[in-house]
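All remarks here apply to the structure that follows.
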Amino acid sequence: MSDKQLQLWEVFTQKKTGMSFEHAGSVRAADKEMALLNARDVYSRRGEATCIWVVPSECISSSSPEDIASFFEPSDDKIYRHPNFYKTPDGIKQV
Amino acid sequence: MNKDLFEYTLRLGDTSLILSQRLGEWCGHGPMLEEDIALTNIALDLLGQAKAFLAYAGEIEGKGRNEDVLAFHRDANHFRNLLLTEQPNVDFGFTIIRQLFVSTWQHYLYSELTHATDKNMSALAVKSLKEVNYHLRFASDWTLRLGDGTEESHQRVQAAVNELWNYTGDLFEIDQVDEALLKLGIAADMKKVEASWNKHIRQVLNDATLSVPEINNFMRTGSRKGVHTEYLGFILAEMQFLPRAYPDAKW
């Protein structure tokens with residue numbers, strides 16, 4: 001393994017056209033073209049994707065663990081925020 | 001049986017098989033995880049092509065030899081792979097230049113063969129071409145980055161170009177097999193393939209700030225007749241050991 005690591009990229013793959021992209025993992029590459037080829041080789045070797053996005057990892061902003069209380073807990077005790085009382089029509093998938 | 005078609009199909013199958021075996025040597029040794037997987041992916045694509053072409057060759061021959069028998073029970077002088085494919089990996093740059101030369105050749109050759117009057121041949125070409133297009137993109141992109149990269153990467157890939165250039169004449173040698181099949185509309189017109197190959201390779205090398213060796217250089221040829229470099233015997237010794245030592249071995 002090289003001791004000089006190339007730039008880190010996050011890989012998102014889409015299973016089928018129209019579906020949302022899901023985080024698949026990360027690769028290292030020197031530029032976006034090579035990142036795309038590497039992502040294809042690492043994360044879609046067995047037909048897992050129909051489209052791939054690569055994004056420089058440094059471009060992603062993430063909430064931090066300290067934010068959990070103020071970000072996410074307020075919604076936990078308010079049952080009226082959840083659409084539990086609606087019925088999903090038959091035949092609807094991917095919800 | 002059509003002896004020429006058997007011979008021609010064997011050449012395509014052996015070329016993919018031996019390059020696949022060479023690339024497989026990178027498994028677990030790539031310069032980084034991504035490239036390790038990329039090279040072995042290409043190896044597996046080529047193995048699939050080899051399997052299909054050799055199976056078809058066995059069918060044409062009609063003597064009951066399937067793809068396994070052809071791969072594991074022939075000696076070096078019966079192999080028809082390009083001399084380029086048996087050259088050692090040396091380093092990542094060398095491997096990339098070898099891939100660039102062979103993938104470019106396969107790209108233009110298979111493109112021609114998609115119009116072959118032999119249905120099996122054209123179907124195999126269509127299927128293989130999709131894979132080769134990716135290999136070509138991979139090898140071309142890396143050649144640009146290594147040639148126009150650091151001083152060391154430039155020097156290493158230039159050394160690879162200079163050394164492997166001597167085996168590129170072998171890519172376009174034409175014999176009576178090509179001539180006979182060309183008349184039947186089965187074989188690729190190697191004059192066309194050579195012109196397209198030269199154009200693409202010169203473009204990529206030029207963009208990568210690499211120089212193209214003098215055309216007058218001595219060219220090492222012989223793959224069409226089964227005359228190989230010293231490396232093929234060692235490759236076969238490793239590749240064929242198991243099925244020869246344990247003929248009944250199963251997965």
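Every chain is numbered from 1 and lettered A, B, ... according to where its sequence line falls, protein lines coming before strand lines.
Test B:L46, B:L171, B:L82, B:L129 against B:Q106 for side chain to side chain contact (heavy atoms under 4.5 Å, CB included) and you get one pass: B:L46. When the options B:T229, B:T85, B:L83 are evaluated for a side chain to side chain contact (heavy atoms under 4.5 Å, CB included) with B:S223, the one that passes is B:L83.
Per-residue counts of heavy-atom pairs under 4.5 Å with chain A were compared for B:I42, B:L44, B:N41, B:D141; the largest is that of B:N41.
Residue pairs meeting the salt bridge (Lys or Arg N to Asp or Glu O under 4.0 Å) criterion with at least one partner in residues 40-55 of chain B, sequence neighbours excluded, are B:K51-B:E67.
By the 4.5 Å heavy-atom criterion applied to side chains, B:L54 and B:D14 are counted as neighbours.
Within residues 32-55 of chain A, the residues having any heavy atom under 4.5 Å from a heavy atom of chain B are, by residue number, A:E33, A:M34, A:L37, A:N38, A:R40, A:D41, A:V42, A:R45.
Within the cation-pi definition used here (under 6.0 Å to the ring centroid, within 45° of the axis), B:R244 does not qualify as a partner of B:F72.
Put simply, the side chain of A:R28 never gets that close to the backbone of B:E34: no donor and acceptor are under 3.5 Å apart.
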